[in-house]
Amino acid sequence: MRWCARSSVMTRNDKIQRYRSALQLGFFVLFVLAPVTNLLRFDLHEGQLWFMGQRWVLGIDALRAGQVTATQAAWGVLWRGILPALALAGGFLAVAYRYGRLYCGWLCPHFSAVELLNGLLHRAVGKFSLWDPRPTPGAAADGRWWPLFALSCVVLGFVWAISLVSYLLPPREIWPALLGGTLTPNQARFLFIAWGVFTAEFAFARHLFCRFGCAVGLFQSLAWMANPRSLVIAFDRPRARDCRTCGSAATVPKSGSACDNACPMRLNPRNIKRMMFSCVQCGQCLQ
């Protein structure tokens, strides 16, 4: 399977990007609201998983209370614990085996934040990452975007920190305590340390985390690499000469082609598959 990079499908690629952006926005909202609505969270106080507004019980407490037999409890663990976990992991890896890091590029709330911050930083300094060696060809840097980039890192860092806390502690306990300034020392310590770490990560290492630090992305990439017929961004080598005049490559030495500059993961899309290990199938290089 291959993404097609021909100019005749540019309109289709535009539609794909709009559809992808809508999915990212929807999943980000779902990520933030899931613990608030008890759609998905784990309550550390109760040691209880909440799913779809209901307590997800395995029957162990009922066994301790003598309400069910050991056999019934074992079946509960199997049907409501082991099998759903295996089905979820198996389905997730099956999609990755076929399509690669589709979750990362199309749903992941972290990657949607990465792309947002990339755009803001590019407006400020003409680069998508502070670690890019040079601005992208033709980029017009405007330092007035720096405050918005910094503020966005801080806001997104807080959203991730408070969301993480809400997945582990009851939101009805955390939010009133936060607004009223009555967080416990441990809650405040955890929240503000997480806020600082996420803010620094978004500002300086967001691409590095996606490429090297995310276990979800790593397992998707490993499954993808194992399938020789998986979806890839294919480079049409017989047309390689066209890259000489692509973007500003002809006038700016070592500037690379437009697809290199567009990749949000800072990869070279014209490379072979094993050199594209962290590709998130976003399709932006096709533009």
Side-chain angles (χ1 to χ4, degrees), residues 1 3 19-20 23-44 46-63 71-114 160 163-169 194 198 201 206-233 264-265 267 273-274 276-283:
M1 299 178 63
W3 283 99
Y19 182 57
R20 189 175 71 90
L23 285 178
Q24 287 179 308
L25 177 60
F27 199 82
F28 190 91
V29 173
L30 181 65
F31 164 74
V32 174
L33 295 182
V36 178
T37 58
N38 284 333
L39 189 63
L40 178 66
R41 69 180 182 88
F42 185 84
D43 194 321
L44 288 178
E46 301 178 349
Q48 176 66 60
L49 175 67
W50 286 79
F51 179 68
M52 300 297 288
Q54 303 291 328
R55 285 183 169 85
W56 191 263
V57 296
L58 301 179
I60 297 176
D61 291 336
L63 175 64
T71 301
Q72 291 174 320
W75 276 109
V77 171
L78 177 64
W79 286 105
R80 298 178 66 85
I82 298 176
L83 291 182
L86 291 176
L88 179 62
F92 187 77
L93 291 177
V95 172
Y97 180 78
R98 179 79 168 172
Y99 298 107
R101 295 176 66 162
L102 203 64
Y103 169 79
C104 294
W106 288 68
L107 294 177
C108 177
H110 181 274
F111 189 70
S112 60
V114 167
W160 267 81
S163 297
L164 179 60
V165 174
S166 298
Y167 274 95
L168 300 175
L169 296 174
F198 280 123
E201 187 264 338
R206 55 189 182 278
H207 307 100
L208 297 177
F209 175 80
C210 287
R211 294 180 65 175
F212 307 113
C214 178
V216 175
L218 173 63
F219 283 108
Q220 287 180 96
S221 291
L222 291 174
W224 180 58
M225 294 297 291
N227 182 8
R229 298 181 62 83
S230 58
L231 180 68
V232 297
I233 299 292
M265 290 292 282
L267 303 175
K273 180 181 176 181
R274 66 172 178 268
M276 295 288 289
F277 185 81
S278 302
C279 175
V280 295
Q281 304 291 6
C282 68

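The two atoms that bring Val232 and Lys273 nearest to each other are CG1-CD, 3.8 Å, heavy atoms only. Here the closest heavy-atom approach between residue Gly47 and residue Phe42 is recorded as C-CZ, 3.7 Å. Smallest separation of non-hydrogen atoms from Cys104 and Cys108: O-CB, 3.5 Å. Scanning all heavy atoms of the two residues, the minimum distance from Leu231 to Gln281 falls at O-NE2, 2.7 Å. Taking all atoms of both residues into account, the shortest heavy-atom contact from Ala226 to Pro228 is O-CD, 3.5 Å. For Ser278 against Leu267, the heavy-atom pair with the smallest separation is C-CD1, 3.8 Å.
Within 6.0 Å of the CZ atom in Phe51, the count of heavy atoms belonging to other residues, nucleotides or ligands does not exceed 12. The environment of CD in Gln54 is sparse: at most 12 heavy-atom neighbours from other residues, nucleotides or ligands sit within 6.0 Å. Atom CZ of Phe219 has 12 or fewer heavy atoms from other residues, nucleotides or ligands within 6.0 Å. Annotation for Trp56: atom CH2 counts as buried by contact number, over 12 foreign heavy atoms lying within 6.0 Å.
Residues passing the side-chain contact (heavy atoms from CB on, under 4.5 Å) test with Ser166, sequence neighbours excluded: Pro35, Ile162, Pro171, Trp175. Remark: Phe92 pairs with Tyr103, Val216, Gln220 by the side-chain contact (heavy atoms from CB on, under 4.5 Å) rule, at least two apart or across chains.
Rounding to the nearest 0.5 Å places CZ of Phe111 at 11.5 Å from CH2 of Trp106. Here the straight-line distance linking atom CG of Leu30 with atom CG of Leu25 works out to 11.5 Å at 0.5 Å rounding. Between atom SG of residue Cys282 and atom CD of residue Gln24 there is a gap of 8.5 Å, rounded to the nearest 0.5 Å. To the nearest 0.5 Å, atom CH2 of residue Trp75 and atom CZ of residue Arg80 are 15.0 Å apart. In this structure, CG in Leu169 is found 9.5 Å from CG in Leu164, a value given to the nearest 0.5 Å. To the nearest 0.5 angstrom, Arg274 atom CZ is 15.5 Å from Ser221 atom OG.
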Item to complete: Decide yes or no on side-chain contact (heavy atoms from CB on, under 4.5 Å) for Leu39 and Met52, but give the supporting numbers first.
Response: CA-CA 4 Å; Leu39 189 63; Met52 300 297 288; 3.3 Å; yes

Fill in: Candidate pair Cys279 and Trp224, rule side-chain contact (heavy atoms from CB on, under 4.5 Å), full reasoning
CA-CA 10 Å; Cys279 175; Trp224 180 58; 4.3 Å; yes

Discussion item. One pair to check against side-chain contact (heavy atoms from CB on, under 4.5 Å): Phe277 and Met225. What are the steps and the verdict?
Written reply: CA-CA 7 Å; Phe277 185 81; Met225 294 297 291; 3.6 Å; yes

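Residues Phe31 and Trp160 place their aromatic rings such that the two centres sit under 6.0 Å apart.
Counting heavy atoms from C-beta on, the side chains of Leu107 and Leu102 never come closer than 4.5 Å.
A donor-acceptor pair under 3.5 Å is formed between the side chain of Asn227 and the backbone N or O of Tyr97. The backbone N or O of Gln48 sits nowhere less than 3.5 Å from a side-chain atom of Arg55 that would complete a donor-acceptor pair.
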